[in-house]
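When a ligand or atom number is given, it counts from 1 through the structure's own listing order.
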Amino acid sequence: MLRNGINFIVTKDHEESCSLVARSLADVVLRDENACLGLATGGSMTGVYAQLVLLSKAEGISFGKAFTVNLDEYLGLEPTHSQSYHHYMEHHLFRHLDFDQGQVFVPNGTLSQKLMLGEFQEFLASHPRDIQLLGVGSNGHIGFNEPAPFFSPRAHIVTLEEKTRQDNRRFFNDLAEVPIQAVTMGIGDILDAERIVMVIYGASKLKALKALLDDEKVDPMIPCTALKLHSKVDVIVPRDLAQQAELL
Ligand code: F6R
């Protein structure tokens with residue numbers, strides 16, 4: 001159902017959301033083997049990648065010519081660090097399928113800022129994305145675009161909100177280990193993708209979901225509302241959350 005220009009798709013549960021999104025990603029590559037996929041990390045995505053691996057193996061789908069680019073990365077973590085997003089992608093997706101290491105891009109959070117942002121922006125400019133996958137933070141962030149008085153259009157360094165660090169603490173031994181800064185695509189970079197698919201997973205995302213549904217307001221203090229400016233957005237919502245948000 002269409003609300004505020006966004007297509008909301010209600011699924012039975014998160015598992016069904018993951019299968020649906022995995023199918024969409026696979027179909028993009030089946031249509032164009034050189035496609036570029038914009039990828040995300042986090043708890044909402046692990047099931048998506050697990051399903052994508054299963055279905056790609058079952059159908060013999062090759063990603064060898066595809067390109068991928070990730071939304072964000074923590075500052076200061078080596079790509080090999082167990083909590084880096086680079087490592088996450090290797091662990092959950094890349095190593096299971098035939099991705100070409102030379103064609104996948106996860107920003108490197110250990111480079112100088114000039115180099116880090118330069119190579120990120122250059123990759124984005126030279127590889128238009130056919131699809132961008134998104135999760136959403138409990139504070140409404142997309143990528144690591146945290147609530148702010150204005151949208152930052154392009155790749156930039158952010159200081160993470162305390163709330164975000166606490167939300168992500170579950171992946172680390174303790175809060176002190178969660179990096180304070182990150183590098184992220186800007187809102188303009190996200191909106192540049194031809195199509196956007198957002199997976200909403202978890203009760204803490206209700207406020208963000210309601211901000212997408214309730215009115216036409218685009219508010220940088222709830223960054224996901226920027227999606228109302230894009231013409232091809234699917235938001236995938238499990239039934240229980242859709243009911244709570246009065247979408248059904
Ligand atoms: C991750 C990302 C973040 C997450 C968001 C939700 O690359 O860009 O915006 O999508 O923080 O995280 P989970 O899925 O762990 O709730």
Side-chain angles (χ1 to χ4, degrees), residues 13-15 17-18 21-22 25 37-52 68-75 77 79 81 83-94 104-109 120 124 129 131-148 151-152 155-172 175 178-191 193 196-209 211-212 220 222-227 233-238 241:
D13 52 22
H14 181 57
E15 203 182 326
S17 301
C18 292
V21 175
L25 290 170
L37 312 175
L39 301 177
T41 59
S44 312
M45 296 300 146
T46 55
V48 172
Y49 298 140
Q51 294 285 346
L52 182 60
T68 71
V69 55
N70 267 75
L71 279 167
D72 42 20
E73 176 61 287
Y74 289 119
L75 236 61
L77 298 192
H81 187 285
Q83 294 313 329
S84 76
Y85 285 168
H86 197 113
H87 182 272
Y88 173 106
M89 292 310 302
E90 276 300 322
H91 180 76
H92 290 287
L93 184 63
F94 296 153
V104 303
F105 185 93
V106 183
N108 183 334
F120 197 2
L124 290 169
R129 278 150 292 146
I131 188 166
Q132 176 65 56
L133 205 52
L134 293 179
V136 63
S138 57
N139 63 1
H141 73 211
I142 48 176
F144 271 139
N145 290 273
E146 297 283 41
F151 290 126
S152 292
H156 59 286
I157 307 293
V158 287
T159 298
L160 299 175
E161 275 201 348
E162 212 39 40
K163 178 87 183 73
T164 298
R165 292 185 66 240
Q166 290 194 358
D167 285 348
N168 288 357
R169 175 195 170 151
R170 66 194 195 279
F171 300 112
F172 292 80
L175 185 63
V178 184
I180 287 166
Q181 289 186 302
V183 54
T184 181
M185 280 186 205
I187 293 289
D189 296 321
I190 291 173
L191 297 181
I196 296 176
V197 176
M198 171 180 272
V199 178
I200 304 211
Y201 174 46
S204 66
K205 314 297 174 65
L206 187 62
K207 191 173 152 233
L209 174 60
L212 291 175
I222 314 176
C224 63
T225 58
L227 298 187
V233 181
D234 291 326
V235 172
I236 322 293
V237 192
L241 215 57

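Residue contacts with ligand 1, taken as heavy atom pairs separated by less than 4.0 Å, involve Lys205 solely via side-chain atoms from C-beta onward. The proximity of Val136 to ligand 1, defined as any non-hydrogen pair under 4.0 Å, is limited to the backbone. Neither the backbone nor the side chain of Met198 has any atom closer than 4.0 Å to an atom of ligand 1 (non-hydrogen atoms only). At a 4.0 Å heavy-atom cut-off, ligand 1 touches Thr41 through backbone and side chain alike.
Short contacts between ligand 1 and Ser44, defined as distances under 4.0 Å to a heavy atom of the residue, involve ligand atoms 13 (P), 14 (O), 16 (O). Listed by number with element, the atoms of ligand 1 under 4.0 angstrom from any heavy atom of Gly43 are 13 (P), 14 (O), 15 (O). The distance from ligand 1 to the heavy atoms of Gly42 drops below 4.0 Å at these ligand atoms: 14 (O), 15 (O). Residue-ligand proximity, Gly143 to ligand 1, at heavy-atom distances under 4.0 Å covers atoms 2 (C), 3 (C), 8 (O), 9 (O).
Residue contacts with ligand 1: Gly137 is placed with no nitrogen or oxygen under 3.5 Å of a nitrogen or oxygen of the ligand (distance criterion only).
Ring geometry, Tyr85 versus Phe144: the interplanar angle falls under 30°, so the pair is classed parallel (tilted spans 30 to 60°).
Closest heavy-atom approach to atom 11 (O) of ligand 1 within the set His141, Arg170, Met45: this belongs to His141.
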Without placing hydrogens or testing angles, list every side-chain donor-acceptor pair under 3.5 Å for residues 198-206, not counting sequence neighbours.
| residue | atom | partner | partner atom | Å |
| --- | --- | --- | --- | --- |
| Lys205 | NZ | Val136 | O | 3.0 |
| Lys205 | NZ | Tyr201 | O | 3.2 |

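Of all protein heavy atoms, the one lying nearest to atom 2 (C) of ligand 1 is Asp72 OD2, 3.3 Å.
No donor-acceptor contact under 3.5 angstrom links the side chains of Tyr88 and Asn70, judged on distance only.
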